[in-house]
Amino acid sequence: MITYLEAIREAQAHALAADPRVYLYGQDIATFGGAFKATKNLAQAYPGRVLDSPISEDAIVGSAIGAAIEGMRPIVEMQFADFSTVAFNQIVNQAATLHWRTGVPCPIIVRLPSGGTPGSGPFHSQSLEAIYAHYPGLIIVTPATVEDAYSMLLESITIEDPVIFCEHKYLYYHLKAESLPSEALPIGKARVARQGRDATVVTYSAMLHECLAAAEELAAEGWELEVVDLRSIKPIDTDTVLASVARTGRVLAVGEAWPWGGVTAEILARVASEGFNLLDAPPMRLNSKDTPVPFHPNLWGTHRPTAQTIAAAARTLLNK
Amino acid sequence: MITYLEAIREAQAHALAADPRVYLYGQDIATFGGAFKATKNLAQAYPGRVLDSPISEDAIVGSAIGAAIEGMRPIVEMQFADFSTVAFNQIVNQAATLHWRTGVPCPIIVRLPSGGTPGSGPFHSQSLEAIYAHYPGLIIVTPATVEDAYSMLLESITIEDPVIFCEHKYLYYHLKAESLPSEALPIGKARVARQGRDATVVTYSAMLHECLAAAEELAAEGWELEVVDLRSIKPIDTDTVLASVARTGRVLAVGEAWPWGGVTAEILARVASEGFNLLDAPPMRLNSKDTPVPFHPNLWGTHRPTAQTIAAAARTLLNK
Amino acid sequence: MLQKPEGSDSTQRAANFSETYRRAYRWMLLARVAEDKIRSLFLGGKVTGGVFLGKGQEAISVATGMALRDGDIFAPLIRDQAGRFAFGESVVDFTMTYIGSRSGPMRGRDGNIHRGRPREGMLPMISHLGAMVSVVNGVLMAHRFQGRRNTVGATSLGDGATSTGAFHEGLNQAAVEKLPLVLVVTNNQYAYSTPTDRQFACADLVEKAVGYGVDGHSVDGTDLTSCLKVIGGAVERARNGFGPQMVVATSLRLSGHGEHDDGHYVLPDLKDSALGRDCLQVSHSHLLKEGWADQETLDSWKRDSISQVDEAVAHAMREPLPDPAREDWCAIASRHLAEGNV
Amino acid sequence: MLQKPEGSDSTQRAANFSETYRRAYRWMLLARVAEDKIRSLFLGGKVTGGVFLGKGQEAISVATGMALRDGDIFAPLIRDQAGRFAFGESVVDFTMTYIGSRSGPMRGRDGNIHRGRPREGMLPMISHLGAMVSVVNGVLMAHRFQGRRNTVGATSLGDGATSTGAFHEGLNQAAVEKLPLVLVVTNNQYAYSTPTDRQFACADLVEKAVGYGVDGHSVDGTDLTSCLKVIGGAVERARNGFGPQMVVATSLRLSGHGEHDDGHYVLPDLKDSALGRDCLQVSHSHLLKEGWADQETLDSWKRDSISQVDEAVAHAMREPLPDPAREDWCAIASRHLAEGNV
Ligand SMILES: Cc1ncc(C[n+]2csc(CCOP(=O)(O)OP(=O)(O)O)c2C)c(N)n1
Ligand SMILES: Cc1ncc(C[n+]2csc(CCOP(=O)(O)OP(=O)(O)O)c2C)c(N)n1
Ligand SMILES: [Mg+2]
Ligand SMILES: [Mg+2]
């Protein structure tokens, strides 16, 4: 059995072994192996290629950009996605614009340990994918499975653009797979994670598992939900979403991030404008509440969507 | 006649005169009167209350937060909205969370000279309202008229929360009004800027004027567009939007910002989910292109929506 | 509400140094006892989220907290429990925040070290290192606007946090505005697992002061006497108009980064060096040696601390936890502008 | 493509100093002529967007550009036209970017000083001050990974930019990694309209060096001889493994911040002081005084510069402007991942 976190570690190990251009840079990632152990033993196995950085997120990303210009393939780790706000300027204004301005690509990967876990509070729980997706020039991937964590990180290294790799901390230890995949869907393609005829649930990252649980719950009531895992949120595979809505006539978009302008808003805008005539009922969305992510598990469990609240929303949708 | 820029200056002058808690802080805003002259003569008129800052956006906003905690009402100027990316962490993680975390409000105003002008290029043209709207805890205002620039800035000073004041540089000198208003719609209320029966165009900031011009163009063809000026994009006055769509059955959302997760996505998501049955045709949106804002006017004029492209989109919408 | 725990006078600065020292020791002891307790609750699964201790830094922290007085501002960081208590934080604020009580200062919305009472001069840290410096500056700017003289603002940082842009912008801003900011930088040899040679390249962090045009002070963080004198002196200089003061204290982190971390990477040589001394033990011995307290008194102080902490834990355990159904789920203060209300 | 304008040898470091000085003067002159030209085009409404001149800083900039050699990296800032030319930027890259030509290096997408050819060692600045420092670091880290030895990376900053967090994080990173970074800070007394006493509080910016653990050098930016020696020396030290070098050059900005600004706030005292000397005139006189060039030669150099610039302007004017219909409007390199293509 291999966990989601181990898959991320294995992908980095593989990349270091296979590609001399790859190096890793971030706080506490070398001897210590990273706050979450996503780089455990890699500094020992690849001496000089896994480097501890100072607490300087701006400079971490800035230097990765310089190295990428010069032919390297840096993978940088933010200790938590939340701290990428300090690197924000380098990501959105330097990395994201370089290719468009000069024609020289900027192949860096910024790993963002994302999403909420109980007790982590407002500054160690954020899901920032929509923030980065709004800026032109970035690829945003959001793996929901062990297999995708592995294959999409490996594929990210081959991408010529800056990739914001949103890995979900809640999945790190709990989510397990039998083995690592040898084949994979490419980045940019969504996956129908569960087939169904009655409504389409569009989601990504950790919420996939809540949506699948909700689908189980509804199956017991005789409803068949189709669950689409976006896998990357920029680009969004609108075709797969629309094809599913064409079959079901109903759509619910679910995300763990804040509501205003999130992935779910973008999904609803696309479905409504491009697939209006496919819809038999108003499209719905479900997000976290519009407050910071709370510390206490009692609050945290209500702040984000869960299988129960998703199932409830789906029931409403199905009865419209 | 008073310009949009002068209205902003007058509002600040008024606030300094009326409220001892108000002070202004930013780069080159004191003796020099600011890069755009939005604080011209204010340092002279209010000695010690209009301060030049170092080139330290993070500290500019951080200090405003501290002063607000202690009872002041700071208005800080970013020299360009684009440079607020450097203050990003203080805005979204410190200012936006303070009240929710502690119950102590954080009444600061961050003025963002926003939007494109010909020849300004990728780093002096950005429209970042959607970025700030995604985070909980902020109020985002986007005045489109001289009157709103004045009254909404004055009202912002009375708001207990951090206000991101997105003023549009393209309107600074060109947009003029007879006089300053003595009454005003409150923040949070949208305004029907032009009445019409055939379709609703939802917009804000400088795009209002492009939309109004497009409406003129279509009026010549016998179509009556209703144009809604959102005025603030967080909160969004969904009721006014839906009431208009209820009359027209059609909606086009127009924004100058990038498409992914922008104001237009949020509008479409709301209209589609809350007003689905009001719609006689698929909702549409029109944004800038998904690239950085180009330097050369030839490119810039095509990158953003214009009266022509808005009119073209409206024709498509009307013929659906 | 900030308050003074039992056994303390209302004024922190006693006539004679031995009294100051005794008081400082008691806050340090209380902090150590409180943190030991929260640690065992954490190990027993009674605390969610992280637990971060100030073990080995109590002398530095208490000297900061004690040098401040009413009207001053303190923005403590993760290793500042002793300073928090000295500044006036109650033990129940501490326990209720770790437990997440609805009636604690953070109401379960934020936890552990992320607490404060901004209206009473204690700013609640956000996690992003360095970010509190300019916030303290802003409070001090407000005081200047308001004509409130002679207040001081103090905040703490670690060696690692000196690498942040926020630290730099903040300290420079304070220097330009000549604010009465006291920045206490504790070089405890590690930032999480990262040793100082991966963090900075100057010989001593105090060498940074000159480049900002601020006073720099060095102090042995394991020695309470020096901490009280040097940090106390820096606060007085700030109060007397000499502008920002940067104190660099040296010590060794005597715990893991947090209690999830065993700190195995801390070099044995450092533990065995003078840096590895436990400031609480050092001051304990000093009290005995100087005859400022006898063993019996020290034992009674310990018992007193334990009972204060036990009581505060019991209190927190009785308090209601946050209830999602009673939460208003509104991030803003201007309720009329909440989405849905307009 | 970066290239060397006419009249220069392929190697920048001549056997004797007079030859180096002459070459440096010619780049400075070319920069001055080119910038005067763009200024008049701007005043004539032929250039959109901002125009930012290096007037008064040519000596500093040229010394930086000339000290670099093939394989080195240069991240120039707004006042670096002389250094750009010396490093190899063609005059048409300059004119085509200001004009916005489709065939220029920035293709009309970005303009004026925001140009570069990253594959040829010249990084294109973004506007956000300080942000290029760590990017240069990254290039130098790449060189280290790739076993490319003895390369140097240079970048420029103003007095104002030292207040940015990015400057701080970048210089500290370079120090920790012991990178061959040369940071040339020009204190030209103003950041836009802001005088230095609202920007920093140290007596001299060079005092910052010790706090980063890097070498600090001071130089009179109005004196070409000193600039060549001090900046050239700093580059050599970086190349020889002594780690980051910080040079603080003093001068006065002899133009407005940009050409939209008349710089009325610049104090007359400063203009009249030694700082206010025009480095181009100073070096002009020096050439004559030392007999390294006679008036006739200087005149011919001037004519030569004018004709190069006129030609480059004419060239740029003939080039097509960007055509929105031919733009691909795609921000990313991986076209298969562009929205709409998936
Ligand atoms: C901007 C930012 N980056 C990363 C972190 C994660 N982090 C929390 S504490 C810490 C180490 C801090 O070290 P130091 O400043 O030396 O303080 P110490 O823990 O030693 O007291 C890190 C990296 C953070 N909180 N903020
Ligand atoms: C982060 C950031 N904030 C603000 C600006 C706007 N700005 C451009 S140049 C400038 C002044 C720069 O002064 P200095 O660093 O001294 O360089 P100089 O212009 O004097 O060469 C300012 C404030 C910017 N480019 N970047
Ligand atoms: Mg430390
Ligand atoms: Mg300057």
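Because only heavy atoms are used, hydrogens play no part in the values below, and waters and symmetry mates are left out as well, while side chains stay in. Lettering follows sequence order; numbering is per chain, from 1.
Among C:G111, C:A131, C:A161, the residue with the largest count of heavy-atom pairs under 4.5 Å with chain A is C:G111. Ranked by heavy-atom pairs under 4.5 Å with chain A, the list C:G100, C:P195, C:G49, C:G108 is led by C:G108. Of the listed residues (C:A331, C:A325, C:C330, C:P324), the one with the most heavy-atom contacts under 4.5 Å to chain A is C:P324. When each of C:G160, C:A166, C:G165 is checked for heavy-atom pairs under 4.5 Å with chain A, C:G160 comes out on top.
In this structure, the separation between CG on C:N137 and CE on C:M132 is 11.0 Å, given to the nearest 0.5 Å. How far CZ of C:F74 is from CD of C:E120: 15.0 Å, rounded to the nearest 0.5 Å. Distance check, rounded to the nearest 0.5 Å: CZ of C:R84 to OG of C:S90 gives 11.0 Å. Here CG of C:L275 is found 6.5 Å from CG of C:L252. Values are rounded to the nearest 0.5 Å.
A heavy-atom distance below 4.5 Å is not found between the side chains of A:P122 and A:V293. Looking at heavy atoms from C-beta onward, A:F36 lies in side-chain contact with A:F80 at the 4.5 angstrom threshold. Using a 4.5 Å heavy-atom cutoff, the side chains of C:M106 and C:P124 are in contact.
Only the backbone of C:I99 comes within contact range of chain A, with heavy atoms under 4.5 Å apart. For A:A59, no part lies under 4.5 angstrom from a heavy atom of chain C. The part of C:L129 that comes within reach of chain A is its side chain, from C-beta onward, which places non-hydrogen atoms under 4.5 angstrom from that chain.
In this structure, C:R318 contributes its side chain and C:V313 its backbone to no donor-acceptor pair below 3.5 Å. C:R79 places a side-chain N or O within donor-acceptor distance of the main-chain N or O of C:L53, the cut-off being under 3.5 Å.
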Any donor-acceptor pairs between chain A and chain C, under 3.5 Å? If so, list them.
from	atom 1	to	atom 2	distance (Å)
C:G108	O	A:H296	N	2.9
C:R109	O	A:F295	N	2.8
C:H128	NE2	A:D82	O	2.9
C:S163	O	A:S56	OG	2.7
C:S193	N	A:D28	OD1	2.9
C:S193	OG	A:D28	OD1	2.7
C:T194	N	A:D28	OD1	3.2
C:T194	OG1	A:D28	OD1	2.7
C:R198	NE	A:D52	O	3.2
C:R198	NH2	A:D52	O	2.6
C:Q199	OE1	A:I55	N	2.9
C:P322	O	A:N298	ND2	2.8

